[in-house]
Amino acid sequence: MFGEEIIIWNPVLPRCDCEQATAYWQGQDRQAAEEARQEEEAKRRRAMRQRVEKLLGQSGIKKRFRQRTFPNFHTDTPGRKKNYGIAKEYADNWAYHQAKGDGLYIEGTNGTGKTHLAAAIALQLIHEGVPVICKTSSDLLLDIKKSFDGDGVRESDVLDIYKRVDLLIIDDLGKEQCSDWSMSTLYSILNDRYEDMKPTIVTTNYNQAALAAALTPKGYDDSKIAAILSRLREVSTVMTMAWEDIRGKEETQA
């Protein structure tokens with residue numbers, strides 16, 4: 001009716017703009033943004049894990065190496081204790097190393113625990129929900145070759161998984177059958193991960209020069225592989241594990 005006062009009820013009170021209220025609401029906004037970021041990160045991890053499982057099965061850690069945890073790694077010598085500390089710090093501070101694109105380059109002689117520490121990192125991070133692939137270089141290349149069979153999985157899909165997964169661990173690098181295709185494929189994966197700041201861990205029984213030679217087919221120039229290995233070492237903590245082979249002496253070491 002004309003002349004009557006109309007009152008509109010607003011159930012949401014306006015924010016006070018005093019200093020204390022402003023600080024409070026800023027804190028609430030930051031908390032909400034962080035919760036949204038964490039939820040988005042969790043969704044991304046789940047999607048990546050599902051994609052890995054769809055294309056490659058599980059993480060690639062074979063039954064024997066699922067026992068290679070940090071608690072059963074022997075730290076009875078200074079060398080083992082030092083390298084255990086480096087690997088455990090990497091796993092415990094994964095978010096920091098992931099943000100920096102840091103990796104580990106684990107070189108050394110046979111049977112000194114290189115695979116054990118790499119698997120221990122993978123197992124800890126997988127338990128925390130981080131998508132990880134941990135395979136020998138031979139198995140990695142075999143997965144890609146299987147896509148040639150035309151069973152609905154494309155080579156590009158498998159390659160993309162290796163290039164994009166949060167952490168890629170390549171065990172026994174240099175032991176695979178060397179060819180022009182294997183050299184180009186490994187270079188593509190490692191170079192893309194380097195450029196995208198995706199952390200990579202490699203283990204190898206070769207020193208840097210010998211590994212470059214092992215990954216390069218006979219008659220080819222090894223400069224491409226040598227360059228990517230140099231880059232990997234640049235962004236990785238280099239762990240040298242060279243001592244007596246302890247296989248057969250301590251059941252849990254590898």
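Excluded from the calculations below are hydrogen atoms, water molecules and symmetry mates; all remaining heavy atoms, backbone and side chain alike, are included.
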Participant: Any link between I225 and Y220 through a network of hydrophobic side chains (Ile, Leu, Val, Met, Phe, Trp, Tyr) touching at under 4.5 Å?
Facilitator: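 In one cluster: yes.
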Participant: Taking atom types as modelled and ignoring hydrogens, do the side chains of E176 and S138 form a donor-acceptor contact shorter than 3.5 angstrom?
Facilitator: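 Their side chains do not contain a donor-acceptor pair, so the 3.5 Å distance test is not met.
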Participant: So do I201 and I121 actually touch side chain to side chain, heavy atoms under 4.5 Å?
Facilitator: yes
Participant: Can I144 and E155 be said to form a side-chain contact (heavy atoms from CB on, under 4.5 Å), step by step?
Facilitator: CA-CA 6 Å; I144 299 170; E155 178 186 4; 3.7 Å; yes
Participant: Does the side-chain contact (heavy atoms from CB on, under 4.5 Å) test come out yes or no for Q208 and L211, once each step is laid out?
Facilitator: CA-CA 5 Å; Q208 186 176 357; L211 181 57; 5.9 Å; no
Participant: Where the side chain of T240 meets the backbone of G108, is there a donor-acceptor pair that is under 3.5 Å apart?
Facilitator: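 No, because the side chain of T240 does not come within donor-acceptor range (under 3.5 Å) of the backbone of G108.
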Participant: Would you give the length of the straight line joining atom NZ of K88 to atom CG of N93, rounded to the nearest 0.5 angstrom?
Facilitator: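 Interatomic distance, K88 NZ to N93 CG, rounded to 0.5 Å: 9.0 Å.
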Participant: Looking at R46 and E39, does any basic side-chain N land under 4.0 Å from a carboxylate oxygen?
Facilitator: yes
Participant: Are side-chain heavy atoms of R68 and T115 found at a separation under 4.5 Å?
Facilitator: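 Not touching, per the 4.5 Å side-chain cut-off.
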Participant: Closer than 3.5 angstrom, by distance alone: can the side chain of S188 be matched with the main-chain N or O of S184 as a donor-acceptor pair?
Facilitator: no
Participant: Do I169 and I133 come close enough that some side-chain heavy atom pair is under 4.5 Å?
Facilitator: no
Participant: Measure the CD1-CG distance between I161 and L168 for me, rounded to the nearest 0.5 Å.
Facilitator: 11.0 Å
Participant: So does A210 get a backbone contact from the side chain of N207, meaning a donor-acceptor N/O pair under 3.5 Å?
Facilitator: yes
Participant: Please round to the nearest 0.5 Å and tell me the distance separating atom CG of L142 and atom OG of S182.
Facilitator: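 Between atom CG of L142 and atom OG of S182 there are 13.0 Å.
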Participant: Would you say Y96 ends up clustered with Y105 if hydrophobic residues are merged whenever their side chains have heavy atoms under 4.5 Å apart, either directly or through other cluster members?
Facilitator: no
Participant: Taking all atoms of both residues into account, what is the closest heavy-atom pair of C178 and P217, and its distance?
Facilitator: SG-N, 3.2 Å
Participant: Looking at every non-hydrogen atom in both residues, tell me the closest pair between T109 and A242 and how far apart they are.
Facilitator: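 Minimum heavy-atom contact is OG1-CA, 3.4 Å.
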Participant: With no hydrogens and no angle check, do the side chains of D143 and Y162 hold a donor and an acceptor under 3.5 Å apart?
Facilitator: yes
Participant: Under the salt bridge (Lys or Arg N to Asp or Glu O under 4.0 Å) test against D192, which residue among R231, K198, K163 passes?
Facilitator: K163
Participant: Atom CG in L215, atom OG in S137: separation rounded to 0.5 Å?
Facilitator: 7.5 Å
Participant: Specify the closest pair of heavy atoms between G174 and A214, including all atoms of both residues, with the distance to one decimal.
Facilitator: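 What the structure gives for the nearest pair is O-CB, 4.0 Å.
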Participant: So, do T216 and D221 sit near enough that their side-chain heavy atoms are less than 4.5 Å apart?
Facilitator: no
Participant: Taking D171 first and then K135, would you say they form a salt bridge - that is, a charged N and a carboxylate O separated by under 4.0 Å?
Facilitator: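 The answer is no: the pair does not qualify as a salt bridge.
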Participant: R193 and side chain to side chain contact (heavy atoms under 4.5 Å, CB included): which partner among D196, N191, I189?
Facilitator: I189
Participant: Under 4.5 Å between any side-chain heavy atoms of D172 and T204, yes or no?
Facilitator: no
Participant: Are R233 and E107 within salt-bridge range, i.e. N to O under 4.0 Å?
Facilitator: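 Looking at R233 and E107, the cut-off is met.
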Participant: Do the non-hydrogen side-chain atoms of L186 and L141 ever get within less than 4.5 Å of each other?
Facilitator: yes
Participant: Which pair of non-hydrogen atoms, one from Y194 and one from V235, has the smallest distance, and what is that distance?
Facilitator: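 Heavy atoms only, the tightest pair is CE1-CG1, 3.8 Å.
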Participant: Give the minimum heavy-atom separation between I170 and L173, together with the two atoms involved.
Facilitator: CG2-CD1, 4.0 Å
Participant: Between the side chains of N83 and K114, is a donor N or O closer than 3.5 angstrom to an acceptor N or O?
Facilitator: no
Participant: Which label fits F73 and Y84: parallel for a plane angle under 30°, tilted from 30 to 60°, or perpendicular past 60°?
Facilitator: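 Parallel: the ring planes of F73 and Y84 meet at under 30°.
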Participant: Can you get from V165 to M197 by hopping between Ile, Leu, Val, Met, Phe, Trp and Tyr side chains that sit under 4.5 Å apart?
Facilitator: no
Participant: Side chains of D102 and P199, heavy atoms from C-beta outward: is any pair under 4.5 Å?
Facilitator: no
Participant: Could you measure the distance from the CD1 atom of I106 to the OG atom of S236? Nearest 0.5 Å is fine.
Facilitator: 9.5 Å
Participant: Nearest 0.5 Å, please: how far is CZ in R164 from CG in L159?
Facilitator: 10.0 Å
Participant: Taking all atoms of both residues into account, what is the closest heavy-atom pair of N72 and T69, and its distance?
Facilitator: OD1-O, 2.9 Å
Participant: So, applying side chain to side chain contact (heavy atoms under 4.5 Å, CB included) with Y90, which one of T237, L104, L117 is it?
Facilitator: L104
